[in-house]
Amino acid sequence: MHETLAEAADPAALEARGLTRLSGARPGDRGVIAEVRADHANDHGGVDVHELERRLLESGFVEGAVFEVLHQGLFGADPIAVKIDDM
C-alpha cells in the first residue's frame, strides 16, 4: 500500500516524498490519501479548482482515507471508480 496525493503540480517532488498522484494510479492500486489538492494547470470541465476540491472532500477524499482504484475508462482513464474506506 502506498500514499497518494489527489493532485499536485510537480511529479518529481511527489516521487521524492514517496507519493503518487491519484491520476497516475491504476485499477487494483491501493493507498492512503495524503493530501487533496486540485491541479490548477488542468481543465476540470469548467469547474473551478476550489469547487473541485470541495466536491472531492464531500465525496470522502480526505487525508488518511484508504482508497482502492476499482475501474478506469478506456480513453484517458476517464471516468474512474474509486473505493474510499468502505464506500
Side-chain angles (χ1 to χ4, degrees):
M1 192 179 292
H2 59 277
E3 288 191 309
T4 190
L5 180 64
E7 295 295 327
D10 185 6
L14 289 177
E15 193 171 310
R17 293 173 47 201
L19 301 174
T20 304
R21 293 172 56 136
L22 182 58
S23 60
R26 298 293 170 242
D29 285 354
R30 297 178 180 182
V32 176
I33 297 174
E35 184 178 354
V36 177
R37 183 177 39 183
D39 187 347
H40 295 269
N42 291 333
D43 178 30
H44 301 291
V47 176
D48 177 60
V49 293
H50 301 294
E51 174 69 11
L52 178 58
E53 287 177 10
R54 184 186 68 76
R55 290 181 185 183
L56 287 168
L57 292 168
E58 287 179 352
S59 298
F61 286 83
V62 295
E63 293 178 20
V66 177
F67 76 92
E68 178 182 1
V69 178
L70 301 175
H71 176 77
Q72 289 181 322
L74 294 175
F75 302 103
D78 187 30
I80 184 172
V82 180
K83 180 179 178 180
I84 301 290
D85 287 331
D86 291 327
M87 298 187 303

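Heavy atoms only: backbone and side chains are in, while hydrogens, waters and symmetry mates are out.
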Can you give me the closest heavy-atom contact between [X] and [Y], atom names plus distance?
| X | Y | result |
| --- | --- | --- |
| Ala65 | Gly60 | CB-O, 3.8 Å |
| Ala25 | Val69 | CB-CG2, 3.7 Å |
| Phe61 | Val36 | O-CG2, 2.9 Å |

hydrophobic_cluster_shared for Leu70 and Phe67, side chain cutoff 4.5 Å: no

Side chain to side chain, Leu57 and Val62, heavy atoms closer than 4.5 Å: yes

pair Ile33-Leu22: side-chain heavy atoms closer than 4.5 Å: no

Any pair counted as side-chain hydrogen bond (donor to acceptor under 3.5 Å, both in side chains), so long as it reaches residues 59-70, sequence neighbours left out: none

Separation of Leu52 CG from Arg37 CZ (nearest 0.5 Å): 13.0 Å

Contacts of type salt bridge (charged side-chain N to carboxylate O under 4.0 Å, His left out), residue Arg55, not counting sequence neighbours: Glu51

